[in-house]
Amino acid sequence: RRVLFRSGGGSVQYGDKAVGGVVNIITRSDLQRGQSVAVKFGSFGTAITSGSYSNQIHDTKFNLDFSASNSDGWRDNSQASQGVAKLGVTHYLSQSDKVYFDGSFSTQSYGTPGGVLGQVGQGNPKAVKFNNVGDKNVVNGTAAIFGLTKAISNQDRFEIDFSYKDSGATQYTPNLTDKTTIYDKWGFDLTPRIKRSWGGYGDSVLGFDYSESMGSFVTNTGNVQKANVTNKSYYLTHRFPLSQSLDLLGGYRRQTQDAVAYDYKSSTGQSNAAKEQSANATDLALNYKYGASNLNKIYARLNNSYRFANIDEYWAMGYGPAPNYTAYRVFSGILAPQKNKTIEFGGEWLFSNRQKFGLTLYRMDSANEIRYDHASGENINAADIRRYGVVATAQLNPSSAWLITPKINLQKAKYQAGSFDGKDIGLVPVVTSSLGVSYKPTSNLTYTSYLNYVGKQRYEGDEENTLNKMPSFVTLDLTAIYKYGSWESSVNIKNLFDKRYANYGGHGFVQTAPGSNGYSYYYYPSDPRAIFLSTRYTFK
C-alpha cells in the first residue's frame, strides 16, 4: 500500500474520506449544453467508444453519458472490458436553488494475472503466475444521488444529499479450493448541512453525516465473512477574515462508528466481533494573500485527521499448510481508526504574468496506521510512522506558445516506535519529479510531453531494511492534439522508451511453484510502450 500525501486537509468537512486531502474537481457549468461522440483505438487490442448528450427544457436539464471499452491486455490473462452509463437530471427552482438526480450503472470483467516472481526486471513480465491462470473478476454496480440546495434567507443556505451505492462481484479462482467468491456490498449516505454568511465575520458550515454500509464474502465451500458499519458525524467549519488579506480558518468533526463483523470458515469455525469507536478531526489554518490583486499567498496549517478501516480491510490473505499452501482470508478483526497529525507550511507566488511558483513543506505523524503485516498475514494497526518532505512546483511561460510545468517531491517515511523504530517504510521513493512541456504553435494544434522520474524505493515487506531496493525509472509520454471544426483528434504514446518498470513490488511468503512455498521478491509490472489514436466529434 502506497500512501500519498496531498497538501491541504479536508477531514473536518469530509471525514475519513479525505484523510490525505481533497481533490477539487471543477465540472462544466450546469447550463452548458453539448453533445459528442468519441472513439479510441490502440495497443493491446484496446477499443473505447464514448458519448454524451445534454439538453435543457425550460428549467430542467438532462445529461446522458456512456462509454464502452475492451482490451486484450499486454500480459497473459489481463484482458478487461467495461461499460458505464450515467443519467443526470437537474431542475432549477430559481437561479440558485435546484433539485437534482444522478444515477449510473457499470459492468466490468477483468483477468488477474498476479505478480511476477523475482526482483523488478527479472522473470517474464508477460506471463501469468501459475496459480492465477484463469482468475477473473466480474463486477456490476449501480449508484444514485438525490440532492437539494435551497436558500432559506439572504445569509443561509440549506443543502442535502442522499446517495446509494450497490455492487456485486464474482471472483473466479479455479486453482484454489474456493473456486468462486461472491462479494456483495451496499451503502448509503445522508449529508444535510447549513451554510451561513456572517458578513464581515466570515462564513460557516454546520453539518451532520449519517451512513450505513454492508459487505459480505461467500465462497463455494460455504465460508462466509460479513460486516455491517454505521457512521454518525457532526462538524462545524468557519472562515474568519482577520483583515482584507488575512483569513483564519478552523473546524471540528466528531465521528462515531458502530461495526459488527462475522467470520465463518468450515475449517476453523465461527468468530464474531463488535466495536463502537469514535475519532475527532480538527483543522486550523492561516492564509495570507498579498501583492497585486492578492495573487501571492502564504499559509500555515495544523490538521488532525483520521481514517476508519474499510470493510475489505477486516480481512487479509494468508496461506494454508503444505503441500498445497492454499490461500485463504484471514480475519483481522475490527481495527482501531488511523490518526494523523499534520503540520504544513507553503505558498504560491506569481512573479510575473508568465511565472508562477509554489512550495509546500509538511510533516505528518500517523498512529495506528492500517497496514498489512507480512509476518502474520493480517491487517494491523502499525506502530507510529512519520512522513515529511517538500514539494516544489512551477508554471513557466517563456512565450505565449510554450508552457513548462516542473515539479519535484522530496520525501521520507520512517517508523517512530516498535520493533522497526527508525526503519524506512516500503514503497516511498525519496525523490519523485516530473517535467511537463506544452507547445501550441497555432490555436488548433498542441504538442505535449510528460517526463516522469521515480527514485529507488524499498519493497513492501522489507521492514528490516536489509533487502535490495526497487530500481529507479524514467518514463516519457507524448501527445499531439489537433482540432478542426467540430472534430478533435489526438495521438498519444505512453512510455516512449519502452521502460520495463514497476510501481509496486514486495517481499514475503508466496507460492513459488505448485506445492512449494518460500519467501521471495515479487512485483507487478507496469505497461510497456503503447500507442493510442482517438477522435471526438462535438455537435453544435
Side-chain angles (χ1 to χ4, degrees), residues 23-29 31-44 46-54 65 67 69 71 291-293 295-297 347-360 391-409 431-454 473-499 501 526-540:
V23 177
N24 184 28
I25 300 175
I26 301 174
T27 60
R28 292 180 298 177
S29 167
L31 299 177
Q32 183 174 337
R33 306 177 185 182
Q35 298 84 37
S36 66
V37 292
V39 294
K40 182 176 183 178
F41 299 96
S43 300
F44 324 127
T46 300
I48 303 172
T49 60
S50 62
S52 64
Y53 174 81
S54 177
D65 299 276
S67 66
S69 62
S71 176
S293 302
L295 294 177
N296 299 316
K297 180 179 73 173
E348 295 178 355
W349 298 272
L350 186 66
F351 289 102
S352 71
N353 292 332
R354 298 185 181 277
Q355 320 300 330
K356 185 177 181 179
F357 299 87
L359 183 69
T360 299
V391 180
T393 61
Q395 182 174 304
L396 311 175
N397 295 94
S399 69
S400 59
W402 289 90
L403 174 64
I404 303 173
T405 54
K407 178 180 180 180
I408 185 169
N409 181 17
V431 181
T432 59
S433 62
S434 62
L435 177 64
V437 179
S438 176
Y439 175 57
K440 192 172 185 177
T442 64
S443 61
N444 60 347
L445 181 62
T446 305
Y447 301 100
T448 62
S449 66
Y450 191 82
L451 186 68
N452 183 65
Y453 170 78
V454 176
F473 61 87
V474 177
T475 59
L476 176 63
D477 301 333
L478 300 177
T479 302
I481 301 174
Y482 181 64
K483 297 180 180 180
Y484 45 107
S486 298
W487 293 89
E488 178 179 302
S489 298
S490 67
V491 179
N492 180 227
I493 304 176
K494 305 284 290 185
N495 192 7
L496 177 66
F497 300 142
D498 199 25
K499 180 68 176 179
Y501 69 99
S526 296
D527 292 348
R529 180 171 51 234
I531 302 175
F532 300 99
L533 306 174
S534 65
T535 188
R536 176 182 298 275
Y537 181 82
T538 301
F539 298 89
K540 295 183 178 180

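Because the structure is predicted, anything quoted here is derived from the model rather than measured.
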Audit row: Gln395, Leu403, side-chain contact (heavy atoms from CB on, under 4.5 Å) steps and yes/no
CA-CA 7 Å; Gln395 182 174 304; Leu403 174 64; 3.5 Å; yes

CD1 of Ile48 to CZ of Phe41: how many Å apart, nearest 0.5 Å?
10.0 Å

Just say parallel, tilted or perpendicular for the rings of Tyr537 and Phe539, cut-offs at 30° and 60°.
perpendicular

Is it the case that the side chains of Thr538 and Ser36 hold a donor-acceptor pair, with the cut-off being a distance below 3.5 Å and no angle test?
no

Closest non-hydrogen atom pair, Tyr450 against Gly436:
CD1-CA, 4.2 Å

Plane angle bin for Tyr439 and Tyr447 - parallel if under 30°, tilted between 30 and 60°, otherwise perpendicular:
parallel

Out of curiosity, Trp402 CH2 to Ser438 OG, how far, rounded to the nearest 0.5 Å?
8.5 Å

Should Val474 and Lys499 be marked as a side-chain contact (heavy atoms from CB on, under 4.5 Å) after you check the CA-CA gap, both sets of side-chain angles, and the distance that decides it?
CA-CA 7 Å; Val474 177; Lys499 180 68 176 179; over 6 Å; no

Which value, rounded to the nearest 0.5 Å, describes the distance between Thr475 atom OG1 and Asn452 atom CG?
4.5 Å

Which pair of heavy atoms, one from Ser43 and one from Thr46, lies closest together, and at what distance?
O-OG1, 2.7 Å

Closest non-hydrogen contact found for Leu396 with Gln355 is CD2-OE1, 3.2 Å

Looking only at heavy atoms, which two atoms of Leu359 and Ala392 are closest? And how far apart?
CD1-CB, 4.0 Å

Spacing of CG belonging to Leu435 relative to OG belonging to Ser449, to within rounding of 0.5 Å:
6.5 Å

Applying side-chain contact (heavy atoms from CB on, under 4.5 Å), run through Arg536 and Ser50 and close with a yes or a no.
CA-CA 9 Å; Arg536 176 182 298 275; Ser50 62; 4.1 Å; yes

Between Asn492 (side chain only) and Leu478 (backbone N and O only), is there a donor and an acceptor less than 3.5 Å apart?
yes

Atom pair CG/CG of Asp498 and Asp527 - distance to nearest 0.5 Å
10.5 Å

Do any N or O atoms from the side chain of Gln35 and from the backbone of Ser54 form a donor-acceptor pair under 3.5 angstrom?
yes

So CD1 of Ile481 and NZ of Lys440: to nearest 0.5 Å the spacing works out to 9.0 Å

Could you report the tightest heavy-atom contact between Asn495 and Arg529, atom names first, then the distance?
O-CB, 3.3 Å

